Amino acid sequence: MKIAITAGKGGTGKTTVATNLALALSKTRKVQLLDCDVEEPDSHIFLDLNLQSQEPVYLSRPKVDQEACDSCGICSEKCQFNAIAVVAEETMVYPELCHGCGLCTLVCPQDAITESSHKIGKIEWGNEDNIKFFQGELTVGDPIAPPIIEALKEKIDPSEISILDSPPGTACPAVETLQGADFALLVTEPTPFGLHDLEMAVEVSRKMGIPHGVVINRYGIGNTDIKGYCEENAIPLLMTIPDNREIAELYADGVPFVLKKPEWIDRFTALVEEISSLVQENK
Amino acid sequence: MNKQIKELIVISGKGGTGKTTLVSSLAALAEDFVLADCDVDAPDLHLILDPENYQSEPFYTQVAVKDEEKCSGCGQCLDHCRFGAIDKDYSIDPLACEGCGVCEFVCPEGAIRMEEEVSGHSYLSKTRYGSMAHAELGPGGEASGQLVTRVKENARDLSAEENKELILVDGSPGIGCPVIASLSNADLALIVTEPTQSGIHDLERIAGVAQHFGVRPLVCINKSDLSELNAEEIENFASRKGIQMVGRIPYDREIVEAMVNGKSIVEYTRGETVDAIKGVWEKVRANLWNVED
Ligand code: SF4
Ligand code: SF4
């Protein structure tokens, strides 16, 4: 079973839920935790483990042979991302816009474009006790995150449960993470921003046909609109985590709160049981 | 004569550090500016600024569509698509499709066509603080970077038309394409961080991105009293990197209360937090116009 921990909005507590959930489960079974927030991977801060292995992730990038190029401009006309242009008789590639789709190489009538691999980041992994942890990291200055997420997901062993800490938002990196998930656990906070962004996350899960449920973090601040929203839309509200200075301080120091508040181990274990039965119902 | 327009972008790397609430406060303090919400993936600024849209324009992206009648099942599209958008049965998954057009080009039967799809909208609006350019990307939308670029162009047009001297930009979280698009042409990046281990880790990366694209960063710490140790670690990091600190804003539940009431904290109340935000703005202003502190 693959559970994606996601949220429309950043900073609502995805990483808190993902790491605590993984630690709680690891008391009784094997669990895989994947930090798919490759732009800002933070889960490792909460886990005390060694990342023994790593692999680079490449994206292909076009290279123009200026000698062979006759400046016809077909590449730039066809490129959907404005990533290649003929400027003063020279054809230039803008790496911060290029998606590496390969179309320019295919369409060039002079065969002047070739592709080379460009390293955009890496994936790393390590394990300790029952946790197998994987994380991806996009290189600073590189724009395209989804291929790193894809490389991470290839590491999943489907016979064991996996928890995916998703990037915030509902655009390509979040969609890439959600692709193939059995359940989306949407973490939000009880504020107008939280509600607005939750609605977007719910819409994406619906569009992708992924069963989903909500966790409200920092419960007690703001207002109660989210509860009403869940009831009206028949979305299961699976857990609330109180707004509490101690939890916030543990987070600040990079300590998963289940380590200091063991009563939460059972709660997270029960949460996963509830998720499994929701996934079963959906099948 | 036209003034020289300055562009200030507020970013955070990590989400949820209070970037948007700070932007709404800066909007209450700044003068002679237009706003741009470049967090097109999860725009929230409108929830506080309550803009009245006077212009809405659809944002189109391409998506591959297949004519089953013509498809011979040769599999060329599957071989060439680099985004995993063609399934084993050669059907197209519109959510995974990036709209690059490779499959259309390689299909020998001409069975694939690229169609325009509305994947979001951009808006021009009036708010109580002046004009605002913003947008919303539909759920699962592609090309957020291109939509950000449009919002920035709109904001530039607005500021030129209205002869304003500042564009105040709410950036998006992360360090990927939308952030890079929103950094282009900015004069200054105000990074909002929080004193947590994650905040520190993410700050290092986002500051690196700003510097990589030649935009000078400033740093302010939000919820600064959550951990003195971490706050000091942030200040040490900044001084090592030669980045100016522009203030600490304490953790204050009234910020959320103000948000629930559709207000920025500067409009909502007075006190220590508001004074701290005013201090941040003074320093940022001095940096924008190179005035002595
Ligand atoms: S590889 Fe694709 S995105 Fe990159 S320049 Fe060529 S056509 Fe454009
Ligand atoms: S347009 Fe590009 S991304 Fe979309 S299905 Fe075709 S090859 Fe794949």
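This structure is a prediction, so every number in the text was calculated from the model and none was measured. Note that these values count all heavy atoms, side chains included, but never hydrogens, waters or copies made by symmetry. To find a chain, count down the sequence lines: A is the first, B the second, and so on, and within it residues start at 1.
Considering all non-hydrogen atoms of both residues, B/Gly208 and A/Val140 come closest at C-CG1, 3.5 Å. The shortest non-hydrogen separation linking B/Ala96 to A/Gln179 is CB-NE2, 4.0 Å. For A/Tyr251 against B/Glu194, the heavy-atom pair with the smallest separation is CE2-OE2, 3.6 Å. Here the shortest heavy-atom pairing between A/Asn223 and B/Val260 reads ND2-CG1, 3.7 Å. Looking at every heavy atom in both residues, B/Gln146 comes nearest to A/Gln80 through NE2-O, 3.6 Å. Contact record, B/Pro195 with A/Ala252: O-CB, 3.7 Å, taken as the closest heavy-atom pair.
In terms of heavy-atom pairs under 4.5 Å with chain A, the best-connected choice from B/Gly13, B/Pro173, B/Ser227 is B/Gly13. Interface remark: of the candidates A/Ala201, A/Gly100, A/Ser43, A/Gly100 forms the most heavy-atom pairs closer than 4.5 Å to chain B. The most heavy-atom pairs under 4.5 Å with chain A, out of B/Leu183, B/Thr196, B/Thr20, come from B/Thr196. Annotation: maximal heavy-atom pairing with chain A below 4.5 Å, among B/Asp41, B/Ile206, B/Thr17, occurs at B/Asp41. Heavy-atom pairs under 4.5 Å with chain A were tallied for B/Val106, B/Val209, B/Leu226, B/Ile48; the largest tally goes to B/Leu226. Chosen from B/Gln62, B/His80, B/Met114, the residue pairing most often with chain A at heavy-atom distances under 4.5 Å is B/Gln62. For the options A/Leu106, A/Asp37, A/Val175, A/Asp42, heavy-atom pairs under 4.5 Å to chain B are most numerous at A/Asp42. In terms of heavy-atom pairs under 4.5 Å with chain A, the best-connected choice from B/Ser198, B/Gly15, B/Gly199 is B/Ser198.
Separation of atoms CD1 (B/Ile175) and CD (A/Glu137) is listed at 8.0 Å; rounding is to 0.5 Å. We find the CG-CD1 distance between A/Asp142 and B/Ile180 to be 7.0 Å, quoted to the nearest 0.5 Å. Between the NE2 atom in B/His212 and the OG1 atom in A/Thr139 there is a gap of 10.0 Å [rounded to 0.5 Å]. For the atom pair A/His99 NE2 and B/Cys177 SG, the distance stands at 5.5 Å (nearest 0.5 Å). Atoms CD and CG, on A/Glu176 and B/Leu95 in that order, are 11.0 Å from each other to the nearest 0.5 Å. Within the model, atoms CZ of B/Phe83 and SG of A/Cys172 stand 9.5 Å from one another, a figure rounded to the nearest 0.5 Å.
Interface residue A/Val204: backbone and side-chain heavy atoms are both found under 4.5 Å from chain B. The parts of A/Ala171 that come within reach of chain B are both its backbone and its side chain, each placing non-hydrogen atoms under 4.5 angstrom from that chain. Of the two parts of B/Glu257, neither the backbone nor the side chain holds a non-hydrogen atom closer than 4.5 Å to a non-hydrogen atom of chain A. Both the backbone and the side chain of B/Pro43 come within contact range of chain A, judged by heavy atoms closer than 4.5 Å. Neither the backbone nor the side chain of A/Arg206 comes within contact range of chain B, judged by heavy atoms closer than 4.5 Å. With a 4.5 Å cut-off on non-hydrogen atoms, A/Val107 touches chain B through its backbone and its side chain both. For B/Asp39, no part lies near chain A; criterion is any non-hydrogen pair under 4.5 Å. Using a 4.5 Å cut-off between heavy atoms, B/Asp202 touches chain A through backbone and side chain atoms alike. Neither the backbone nor the side chain of B/Gln211 comes within contact range of chain A; no heavy atom of the residue lies under 4.5 Å from a heavy atom of that chain. Of the two parts of A/Ile45, only the side chain, counted from C-beta on, holds a non-hydrogen atom closer than 4.5 Å to a non-hydrogen atom of chain B. Contact of B/Arg253 with chain A is made through the side chain alone, with heavy-atom distances under 4.5 Å. For a residue to count as touching a neighbouring chain, one of its non-hydrogen atoms must lie under 4.5 Å from one of that chain's; by this rule A/Ala248 touches chain B with backbone and side chain alike. With a 4.5 angstrom heavy-atom cutoff, A/Ser60 touches chain B only via side-chain atoms.
Annotation: A/Asn233, atom CG; neighbour count of heavy atoms from other residues, nucleotides and ligands within 6.0 Å is above 12.
Of the possible polar contacts, one joining the B/His201 side chain to the A/Pro41 backbone as a donor-acceptor pair under 3.5 Å is found. Side-chain N or O atoms of B/Arg82 include none that pairs as donor or acceptor with a backbone N or O of A/Leu59 at under 3.5 Å.
The shortest distance between side-chain heavy atoms of A/Leu103 and B/Cys100 does not fall below 4.5 Å.
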